[in-house]
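Keep in mind that this is a model prediction, so the values were computed, not measured.
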Amino acid sequence: MITLIVGTNRPGSNTRKVARHVEEIYAALNVPLHVLDLAELPPEIFSSASYAQKPKSFLPFSEAVLRSAGLHVVTPEYNGSVPGVLKYFIDMLKFPESFERRPVCFTGLSAGIWGALRPIEQLQAIFGYRNAYLFPERVFLPRINELLDDAGRLKDPELLQRLKSQAEGFVDFVERLQKITLRG
Ligand SMILES: Cc1cc2nc3c(=O)[nH]c(=O)nc-3n(C[C@H](O)[C@H](O)[C@H](O)COP(=O)(O)O)c2cc1C
């Protein structure tokens, strides 16, 4: 199973819209996918007591990461960086087993011209520190508000193709590293 992390909890986020395309791409590839949308994090996880004791309601999130053959993170750019909630989510996961030798793939989007290059490079540093296997093919979606139509769909077939090629490459990467078959 691949676990897809929707990297913000902002209501109505463009990240969720892009993640929906990624979900559809894995479905078309017949690859089992579990979506972790940070908008659905239980409020209790934001209590400072969670550093010491994780609430039971967080288990579906932390266990989904541990069970995954690979992680696909879709992140927006907030203040030239990773959204605070995504970093906090990472900080709440079990150490070190959550990312140790786990393949990870990054897709980013931003309102501005850099397309989340900065948060993705920051995530590569964080996941590298945690000994994850970084899939090198990244996708950046700059000026996201111009790329989506009113229904929240990407207008440019070339960008969809780029997301498809990334997902296909990532499935190959995971299958080879984990010595498993993901495609049903
Ligand atoms: C708190 C916050 C900070 C942001 N900072 C940046 C930024 O540094 N650079 C940028 O290009 N866009 C920035 N944006 C705009 C987001 O990239 C834009 O909202 C985009 O749609 C992706 O975020 P979303 O998933 O929340 O919609 C920011 C948005 C928010 C909510």
Closer than 3.5 angstrom, by distance alone: can the side chain of [X] be matched with the main-chain N or O of [Y] as a donor-acceptor pair?
X	Y	value
His21	Leu154	yes
Ser165	Gln161	no
Asp156	Glu158	yes

Any [X] side-chain heavy atom under 4.5 Å of [Y] side chain:
X	Y	result
Phe89	Leu36	yes
Pro83	Thr75	yes
Pro55	Ser50	yes
Leu29	Leu182	no
Thr8	Leu86	no
Ile90	Phe95	no
Leu93	Phe99	yes
Tyr78	Arg10	yes

Nearest heavy atoms of [X] and [Y], plus distance in Å:
X	Y	result
Gly7	Thr15	N-CG2, 3.9 Å
Tyr26	Leu33	CD1-CD1, 3.7 Å
Arg16	Val6	CD-CG1, 3.8 Å
Ser68	Thr3	CB-OG1, 3.1 Å
Ala69	Arg102	O-CG, 4.3 Å
Arg138	Ile120	CD-CG2, 3.6 Å

Nearest 0.5 Å, please: how far is [atom2] in [Y] from [atom1] in [X]?
X	Y	atom1	atom2	value
Arg130	Ser98	CZ	OG	6.0 Å
Lys164	Arg162	NZ	CZ	15.0 Å
Leu123	Lys87	CG	NZ	10.0 Å
Leu141	Leu163	CG	CG	6.0 Å
Leu66	Leu59	CG	CG	9.5 Å
Met92	Phe46	CE	CZ	9.5 Å

>> side chain to side chain contact (heavy atoms under 4.5 Å, CB included), that's the test. Do Gln178 and Arg101 meet it? Break it down for me.
In response: CA-CA 9 Å; Gln178 306 277 34; Arg101 299 184 192 283; over 6 Å; no
Grouping I, L, V, M, F, W and Y whenever their side-chain heavy atoms are under 4.5 Å apart, do [X] and [Y] come out in a common cluster?
X	Y	answer
Phe61	Val74	no
Val18	Leu160	yes
Val73	Phe135	no
Val65	Tyr133	no
Ile113	Leu117	no

>> Under the rule for side-chain contact (heavy atoms from CB on, under 4.5 Å), what residues qualify as partners of Arg183, not counting sequence neighbours?
In response: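 So Arg183 forms a side-chain contact (heavy atoms from CB on, under 4.5 Å) with Val31, Val171, Asp172, Glu175.
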> Glu146: what forms a side-chain contact (heavy atoms from CB on, under 4.5 Å) with it, not counting sequence neighbours?
Replying inline: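 Only Arg143 meet the side-chain contact (heavy atoms from CB on, under 4.5 Å) criterion with Glu146.
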> Taking only residues two or more places apart in sequence or in another chain, which ones pass side-chain hydrogen bond (donor to acceptor under 3.5 Å, both in side chains) with Thr107?
Replying inline: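 Residues passing side-chain hydrogen bond (donor to acceptor under 3.5 Å, both in side chains) with Thr107: His72, Gln166.
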How about [atom1] on [X], more than 12 heavy atoms from neighbouring residues, nucleotides or ligands closer than 6.0 Å, or not?
X	atom1	value
Gln53	CD	no
Lys179	NZ	no
Arg153	CZ	yes

> For the rings on Phe127 and Phe106, is their centre-to-centre separation under 6.0 Å?
Replying inline: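 They qualify: ring centres under 6.0 Å apart.
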> Are the charged groups of Lys54 and Glu44 less than 4.0 angstrom apart, N to O?
Replying inline: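 No, this pair does not count.
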>> If the threshold is 4.0 Å, N to carboxylate O, is there a salt bridge linking Glu24 and Arg20?
In response: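 No.
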> Run the side chain to side chain contact (heavy atoms under 4.5 Å, CB included) check on Leu41 and Asn9 step by step: do they pass?
Replying inline: CA-CA 8 Å; Leu41 280 173; Asn9 57 352; 6.0 Å; no
